[in-house]
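Below: the structure, in structure tokens.
These numbers come from a predicted model, not from an experiment. Chain identifiers are assigned alphabetically (A, B, ...) following the order of the sequence lines, protein sequences preceding nucleic acid strands; residue numbering begins at 1 within each chain. Note that these values count all heavy atoms, side chains included, but never hydrogens, waters or copies made by symmetry.
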Amino acid sequence: MTTERKYVEELIEQEDDFDRWYVEVIQKAELADESPVRGTRVIRPYGFALWENMQVELDRRIKATGVQNAYFPLFIPKSYLEREAQHIQGFAPEVAWVTKGGDKELEEPLAVRPTSESIICPMFARWVQSYRDLPILINQWCSVVRWEERPRAFLRTLEFLWQEGHTVHATLEEAEERARLMLEVYRDFVETELAIPVIPGQKSESEKFAGALRTYTIEAMMGGKHWALQSATSHNLGDHFGRVFEITFLDREGKRRFAFNTSWGLSHRTIGAMVMVHGDDRGLKLPPRVAPIQVVIVPIWRKDEERRQVEETVERVRTMLRRAVRVHADLRDDKTPGWKFNDWDLKGVPIRLEIGPRDVANQQVTLVRRDVLGQRQTVPVANVVEAVQQELASIQDSLFRAAREMLERHTEEVRDYERLKERVAANAGFNRAFWCGSSDCEARVKTETKATIRCIPFEQPAEYEPCLVCGAPGRYQVIWARAY
RNA sequence: CGGGGUGUGGCGCAGUUGGUAGCGCGCGGCGUUUGGGACGCUGAGGCCGGAGGUUCGAGUCCUCUCACCCCGACCA
């Protein structure tokens, strides 16, 4: 450990205090910084570049399902937010209100959107007249505000970045299909781009979105304490919002009907997920597909003459790579190579290329992978593009495998309530167990262990055993875990 | 809202029984260095969270207050 500690002396080790490691690594890798308002964070250029790369990939997938982007106002009149009773009940405690415009008291307070159903649905009501107008498929990229008691960088901040999709349909079946489709989009995005395996499933009644008929979720396991993180949700809102906002249309038979809605969102908390799932004692490990810098080139020289030759080769390699990957040449002359190695390890850049006099002489570069530090390989300059692309794909793959292995290793089928208590107390991970479906059993476990039902996985066993808590016939196999 | 803790250069901290503020890192300059966080010299930077009080004198003692952090409660 002492030799390890030498590399990044200022970063606490995960094992010592995972939560503090999380805070420190975000700060030191320059993903985000503190801001004057408690619970808000500045997202720095490196962190924002990561989010932008994520946006591009997710946006593409969303649009591929026929959705269009739009933008709705930040402010929602109080009366609008209050129309769906469960919706406002769920969000009331964490809504931020604007009551004054300049010096003038507003006639009606405006909510800063905690989510936009209640401002989008009234617009849907205006736009929908006939079954021919349906479906409407809208997405917006924006930030929302929820006045949380205990903020955590990226995972739970007062203001956070996300996309929220909102759709209207003629039938419940169509809404259901859309809700499930978008969850599948999220699953694919999170697993493919972020290299995080997830468990798709349905939320229990007590955990579902305020105002929804059904909520679907993808749940991921974080490193360290092996807690769960709800990584995205998709809701079938039924006709709850259709009725209160009077989104009606004439069907083919000329009959007036209420429309059905869905909404679905993925936020920048998934950045926090990447940090916690892939990171190690040296810092971040960013999945190549979304990493702001995929390859960093570190030049090494002693004399001015060497410097000239090395930088010439660096420039040549950078130009070769630039068309294929996101590459950065670290030409700072006030930092030593060793310092740079540690710095880029901390920032999670997947591949480092070292180019020194030896490499120049042999027309090669030295390639080091962030996920398997210490294993250096040399690559002829002529082959560098191909080699880098191959390694990036391989890193993406191995990050996903490692995360999946962690998920599997820390998941257990639990048949005894005492065992569940033990495992939750020990931060042992996910617990698969049978549940009768009663909210009493659910509440009891939450009170006694702090674990909640993360989801009812879509994948269910062929046969059901008795409820873990009360012994009544089991109706579902669920995942119990503590969550961020 | 309960329990605990911390506020001193950008960051991390020290500051004894009260005597007029210091260390490390970082930052600027110069020189030597550079294959896993180099070194020397030199320089800049602080009304010690805020208000009031005690005192000849307060970073230090007293009172009040503010902010932040941690643990609970709460939170899709």
Side-chain angles (χ1 to χ4, degrees), chain A residues 3-12 17 19-20 23-24 27-28 33-40 86-87 89-95 114-115 144 146-153 155-158 160 162 202-212 214-219 228-235 263-265 267 269 282-283 298-304 306-307 310 330-346 352-361 364-368 370 373-374 376 378 446-447 450 452-455 482-484:
Chain A
T3 51
E4 284 291 311
R5 200 181 280 273
K6 194 175 99 210
Y7 291 109
V8 276
E9 39 199 329
E10 75 261 37
L11 186 62
I12 190 170
D17 187 340
D19 292 337
R20 217 177 114 202
V23 170
E24 285 189 6
Q27 186 75 23
K28 286 171 175 157
D33 203 353
E34 289 158 14
S35 92
V37 179
R38 182 198 69 96
T40 63
Q86 289 180 328
H87 190 59
Q89 207 183 327
F91 282 104
E94 51 195 44
V95 172
T115 177
V144 291
R146 300 180 187 179
W147 218 260
E148 302 284 0
E149 291 296 320
R150 287 189 65 177
R152 275 177 83 82
L155 302 183
R156 190 176 293 107
T157 44
L158 298 199
F160 60 91
W162 77 343
Q202 186 174 342
K203 284 289 186 189
S204 69
E205 281 300 300
S206 72
E207 298 279 334
K208 75 180 187 187
F209 178 79
R214 284 192 278 276
T215 290
Y216 299 112
T217 177
I218 51 175
E219 298 285 325
L229 186 76
Q230 175 181 299
S231 304
T233 49
S234 181
H235 318 290
S263 67
W264 24 275
S267 79
R269 81 185 329 204
R282 286 182 181 171
V298 178
I300 297 156
W301 70 81
R302 288 167 198 276
K303 293 170 289 216
D304 281 354
E306 285 175 347
R307 177 177 183 173
V310 163
D330 186 353
L331 300 176
R332 290 176 288 183
D333 60 2
D334 59 329
K335 303 282 189 245
T336 61
W339 194 95
K340 292 176 184 176
F341 296 166
N342 286 295
D343 193 41
W344 294 114
D345 286 349
L346 175 64
R352 176 175 78 241
L353 298 180
E354 302 171 13
I355 300 180
R358 282 206 300 272
D359 303 295
V360 173
Q364 66 181 32
V365 301
T366 300
L367 185 153
V368 184
R370 173 61 179 85
L373 290 170
R376 284 180 157 77
T378 54
K446 187 175 179 180
T447 310
K450 294 176 189 159
T452 51
I453 294 177
R454 300 319 304 158
C455 72
R482 288 200 67 169
Y484 279 100

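With hydrogens and angles left out, the side chain of A:Arg282 and the base of B:G37 share no donor-acceptor pair within 3.5 Å. For A:Thr366 and B:G35, a side-chain-to-base donor-acceptor distance below 3.5 Å is present, hydrogens and geometry of angles not being considered. Under 3.5 Å, the side chain of A:Arg156 and the base of B:C75 form at least one donor-acceptor pair of N or O atoms.
Rounding to whole angstrom units, CZ of residue A:Arg332 and C1' of B:A38 are separated by 16 Å. With rounding to whole Å, A:Arg482 atom CZ is found 11 Å from B:G72 atom C1'. Between the CD atom of A:Gln364 and the P atom of B:G35 there is a distance of 17 Å, rounded to whole Å. Here B:C69 presents its C1' atom at 13 Å from CG of A:Asp19, a figure rounded to the nearest Å. Nucleotide B:C69 holds its P atom 17 Å from the CD1 atom of A:Ile12, rounded to whole Å. Rounded to a whole Å, the CZ atom of A:Arg307 is 13 Å from the P atom of B:U32. Separating the CZ atom of A:Arg150 from the P atom of B:C68 is a distance of 15 Å, rounded to the nearest angstrom. A straight line from CG of A:Asp330 to P of B:G37 spans 16 Å, rounded to a whole angstrom.
Distance noted for atom P between B:A44 and B:G24: 16 Å (whole Å). Comparing B:G72 with B:C13, their C1' atoms sit 29 Å apart, to the nearest whole Å. Taking atom C1' on both nucleotides, B:G9 is separated from B:G46 by 5 Å, rounded to a whole Å. Using P as the reference atom, B:G40 and B:U34 are 16 Å apart when rounded to the nearest Å. Taking the P atoms as reference points, B:C62 lies 16 Å from B:U55, given to the whole Å. Nucleotides B:G7 and B:G12 are separated by 11 Å at their P atoms, to the nearest Å. For the P atoms, the distance from B:U54 to B:G10 is 32 Å, rounded to whole Å. Spacing between B:G50 and B:U6 at atom C1', rounded to whole Å, works out to 16 Å.
Remark: A:Arg146 CZ to A:Arg156 CZ distance equals 10.5 Å, nearest 0.5 Å. Atom-to-atom distance recorded for A:Gln364:CD and A:Leu353:CG is 11.5 Å, nearest 0.5 angstrom. In this structure, CD1 on A:Ile453 lies 11.5 Å from CD on A:Glu219, to the nearest 0.5 angstrom.
Base pairing of B:A67: its partner is B:U6, meeting the Watson-Crick or G-U wobble criterion (both donor-acceptor distances under 3.5 Å). Partner assigned to B:G24 is B:C11, using Watson-Crick or G-U wobble distances below 3.5 angstrom. Across all strands shown, B:G46 has no partner, as no Watson-Crick or G-U wobble contact with both distances under 3.5 Å is found. With both pairing distances under 3.5 Å, B:U54 is matched to nothing as a Watson-Crick or G-U wobble pair. Under the Watson-Crick or G-U wobble criterion, with both distances below 3.5 Å, B:C1 is paired with B:G72. Partner assigned to B:C41 is B:G29, using Watson-Crick or G-U wobble distances below 3.5 angstrom.
Candidate nucleotides B:G37, B:G72, B:G35 were compared by shortest atom distance to the side chain of A:Asp343, and B:G37 ranks first. Relative to the side chain of A:Ile300, the nucleotides B:G37, B:U34, B:C75 differ in distance, and B:U34 lies closest. Among the nucleotides B:G36, B:C74, B:G72, the one closest to the side chain of A:Glu149 is B:C74. For A:Arg376, counting side-chain heavy atoms from C-beta on, the closest listed nucleotide (B:A73, B:G37, B:G36) is B:G36. Nearest nucleotide to the A:Asp359 side chain, out of B:G36, B:C75, B:G35: B:G35. Counting only heavy atoms from C-beta on, A:Lys335 has its side chain closest to B:C27 among B:U34, B:C75, B:C27. The listed nucleotides are B:G36, B:C27, B:C75; the one nearest the side chain of A:Val368 is B:G36. Looking at the side chain of A:Arg38, the nearest of the listed nucleotides B:C68, B:G36, B:U34 is B:C68.
Counting only N and O atoms by type, the side chains of A:Thr378 and A:Arg376 include no donor and acceptor under 3.5 Å apart. Checked by atom type, the side-chain pair A:Lys208/A:Gln202 shows no donor-acceptor distance below 3.5 Å. Counted by atom type alone, A:Thr40 and A:Ser35 present one or more donor-acceptor pairs between their side chains at under 3.5 Å.
For A:Phe341 and A:Trp339, the ring centers are positioned 6.0 Å apart or more.
Using a 4.0 Å cut-off between a side-chain N of Lys or Arg and a carboxylate O of Asp or Glu, A:Glu24 and A:Lys28 qualify as a salt bridge.
Around NZ of A:Lys446, the count of heavy atoms belonging to other residues, nucleotides or ligands within 6.0 Å does not exceed 12.
Taking the nucleotide of RNA chain B with the nearest heavy atom to each of A:Tyr484 and A:Trp301, the more 5' of the two is matched to A:Trp301. Position along RNA chain B of the nearest nucleotide to A:Leu373 versus A:Val37 favours A:Leu373 as the more 5'-ward residue.
Residue contacts for A:Glu34: at a heavy-atom cut-off of 4.0 Å it reaches no nucleic acid atom on any strand shown. Within the nucleic acid shown, A:Arg358 comes within 4.0 Å of at least one base atom, counting heavy atoms only. Within 4.0 Å of A:Pro357, counting heavy atoms only, lies at least one base atom of the nucleic acid. Here A:Arg352 lies in heavy-atom contact (under 4.0 Å) with a base.
Put simply, A:Thr336 has a side-chain N or O that comes within less than 4.0 Å of OP1 or OP2 on B:A38. For the OP1/OP2 pair of B:U34 and a distance below 4.0 Å, the side-chain nitrogens and oxygens of A:Arg302 include at least one atom meeting the criterion.
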